[in-house]
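Atoms considered below: every heavy atom in the structure, side chains included; atoms not considered: hydrogens, waters and symmetry mates.
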Amino acid sequence: MVEYFFRKPDFKELIEEQLHLIGDLERIISKVAVGRVSPREVVALKVALQAIEPIKAACMEADNASLNHIGEQLNICRSVRDRIEKEINNDPPLLINKGASSSPV
């Protein structure tokens, strides 16, 4: 699989760019799990979930069975992403009690 990254620099660049957008997804998910996530972290979660889609597509299109398998296993969580998009303002306050964090309906 490593050889594929060397042979396909465009693939490598796309993966690097998208992984950079994902940030510290594990930390955000752990905060969601305990109900201590801020509105800005929810927006960061949406950005991370959006970054998974091009990674999945690139892996599925790759001429490499291992990458195809990874692509099959990636869940883009569209329903979660769409709900965040619908309900949370893209530029929310840092804390929930500091202003309008939900999108106007």
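- The hydrophobic cluster containing V80 also contains L74, counting ILVMFWY residues as joined when their side-chain heavy atoms lie under 4.5 angstrom apart, directly or transitively.
- Under the 4.5 Å side-chain contact rule for hydrophobic residues, V42 and V32 share a cluster.
- The minimum heavy-atom distance linking L67 with N64 is given by the pair N-OD1, 3.0 Å.
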- Yes or no on side chain to side chain donor-acceptor pair (under 3.5 Å) for E16 and H20, after CA distance, side-chain angles and deciding distance? CA-CA 6 Å; E16 285 177 343; H20 180 72; over 6 Å; no
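- No side-chain heavy atom of I55 sits under 4.5 Å from any side-chain heavy atom of I70.
- Here CZ of F11 is found 4.5 Å from CZ of F5. Values are rounded to the nearest 0.5 Å.
- Other residues, nucleotides and ligands place no more than 12 heavy atoms under 6.0 Å from the CD atom of E3.
- Linking Ile, Leu, Val, Met, Phe, Trp and Tyr whenever their side-chain heavy atoms come within less than 4.5 Å leaves L49 and V47 in two separate clusters.
- With sequence neighbours excluded, no residue satisfies salt bridge (Lys or Arg N to Asp or Glu O under 4.0 Å) with E13.
- Summarising the geometry of N89 relative to V43, their closest heavy-atom pair is O-CG2, 3.5 Å, with the distance given to 0.1 Å.
- Residues Q18 and P54 share a closest heavy-atom pair of OE1-CG, 3.4 Å.
- Note that CG of L14 is 13.5 Å distant from NZ of K8, once rounded to the nearest 0.5 Å.
- For the side chain to side chain contact (heavy atoms under 4.5 Å, CB included) test, residues two or more places apart in sequence or in another chain that qualify with K46 are Q50, R81, I84, E85, N90.
- Here the closest non-hydrogen pair linking S66 and M1 is CB-CE, 4.2 Å.
- If you take SG on C59 and CG on N68, they are separated by 8.0 Å, rounding to the nearest 0.5 Å.
- The distance from the CD atom of E53 to the CD1 atom of I76 is 4.0 Å, given to the nearest 0.5 Å.
- Remark: R27 pairs with D24, K31, E41 by the side chain to side chain contact (heavy atoms under 4.5 Å, CB included) rule, at least two apart or across chains.
- Here the side chains of I29 and L45 are in contact, with some heavy-atom distance below 4.5 Å.
- In R83, the CZ atom is not crowded: 12 or fewer heavy atoms of neighbouring residues, nucleotides or ligands sit closer than 6.0 Å.
- For the pair P39 and I88, the tightest heavy-atom approach, listed with the atom from each and the gap, is O-CG2, 4.2 Å.
- Here CG of L19 is found 10.5 Å from CD of E17. Values are rounded to the nearest 0.5 Å.
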